[in-house]
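A short write-up of the structure that comes next.
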Amino acid sequence: AQKVTQAQTEISVVEKEDVTLDCVYETRDTTYYLFWYKQPPSGELVFLIRRNSFDEQNEISGRYSWNFQKSTSSFNFTITASQVVDSAVYFCALSALIQGAQKLVFGQGTRLTINP
Amino acid sequence: GAVVSQHPSRVICKSGTSVKIECRSLDFQATTMFWYRQFPKKSLMLMATSNEGSKATYEQGVEKDKFLINHASLTLSTLTVTSAHPEDSSFYICSAKVRRGRYEQYFGPGTRLTVT
């Protein structure tokens, strides 16, 4: 099966706290890509990161960091020193070969609320 | 670069009418475009994949006569919701791939359809 699971439906933290969004995936592909997108209230999907299956290095971009672990099929996303502007729905996605075509499979999304 | 636009951003129509949503890649040629539907507080659900110059491939459960997709050029795909009903009200998002074999999809800002 090609599947992405984001077990946390909603998370609410106070500003400046660190928060980690979990993502677990299933795939039978040997080569695949994982993504994180942010969807603010306006609805537009904002691309955050892409990671290919051969690159297990963790990545840091400002207050954002990602931990990719193939052994546990996880691709978790951490926001350090959260800010109110980080409030949004975050989606983890897997690029998978489905019925001969490359498609994005999205997780259910995690609604993150940062309270002032 | 890699900007995708959608028009209109919001549309309200009466039951029984048809509405067309346009998806354009503004600064690149898109061999493949995708149409997603998103219900409130839910994830993105792939409706169909359209390749320029050929018929769209619909996901299981999506009515092809209800949701007409045309990918007439390398920069334009249209989704027509025919004989709309209130249950068709949703947020529709398109995305575009630069070329075959690449994993990146660039998303449009979405169209919110309300059928009264």
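Just so we're on the same page: letters track the sequence lines, and every chain starts at 1. All values below come from the heavy atoms of this structure, side chains included, with hydrogens, waters and symmetry mates left out.
When all heavy atoms of A:Gly107 and B:Ser43 are compared, the closest pair comes out as O-OG, 2.5 Å. In terms of heavy atoms, A:Ser42 sits closest to B:Phe91 at O-CZ, 4.5 Å.
In this structure, the separation between CG on A:Leu104 and OH on B:Tyr36 is 4.5 Å, given to the nearest 0.5 Å. Remark: A:Ile98 CD1 to B:Glu59 CD distance equals 7.5 Å, nearest 0.5 Å. Distance CZ/A:Phe106 to CE/B:Met45: 12.5 Å, rounded to 0.5 Å. Atom-to-atom distance recorded for B:Lys97:NZ and A:Lys103:NZ is 11.0 Å, nearest 0.5 angstrom.
Within the 4.5 angstrom heavy-atom criterion, no atom of A:Phe47 approaches chain B. The contact between B:Gln38 and chain A is made entirely by side chain atoms (from C-beta outward), counting heavy-atom distances below 4.5 Å. When heavy atoms are compared at a cutoff of 4.5 Å, A:Gln6 does not approach chain B at all. Heavy atoms of B:Leu44 lying under 4.5 Å from chain A belong to its backbone as well as its side chain.
Both A:Ile79 and A:Leu34 sit in one connected hydrophobic cluster of ILVMFWY residues. Membership requires side-chain heavy atoms under 4.5 Å apart, directly or through other members. Criterion: ILVMFWY side-chain heavy atoms under 4.5 Å apart, direct or through other members. Under it, A:Leu21 and A:Leu48 are part of a common hydrophobic cluster. Linking Ile, Leu, Val, Met, Phe, Trp and Tyr residues whenever their side-chain heavy atoms come within less than 4.5 Å places B:Phe34 and A:Phe91 in a single cluster. Both B:Trp35 and B:Val11 are part of a single hydrophobic cluster, where members link through side-chain heavy atoms under 4.5 Å apart. Put simply, B:Ile93 and B:Leu68 are part of two different groups of oily side chains (I, L, V, M, F, W, Y) that touch within less than 4.5 Å, one to the next.
Remark: B:Lys20 NZ is loosely packed, at most 12 non-hydrogen atoms of other residues, nucleotides or ligands lying under 6.0 Å away. Other residues, nucleotides and ligands place more than 12 heavy atoms under 6.0 Å from the CD atom of B:Glu87. Applying the 6.0 Å contact sphere to NZ of A:Lys3 captures no more than 12 heavy atoms from other residues, nucleotides or ligands. The 12-atom threshold is exceeded at NE2 of B:His85, counting heavy atoms of other residues, nucleotides or ligands nearer than 6.0 Å.
Counting heavy-atom pairs under 4.5 Å between each of A:Ala93, A:Gly109, A:Gly43 and chain B puts A:Gly43 at the top.
Counting heavy atoms from C-beta outward, A:Thr9 and B:Lys41 have side chains that stay 4.5 Å or more apart. Counting heavy atoms from C-beta outward, A:Gln108 and B:Lys42 have side chains that stay 4.5 Å or more apart.
In summary, the aromatic rings of A:Tyr37 and B:Phe107 are positioned with their centroids under 6.0 Å apart.
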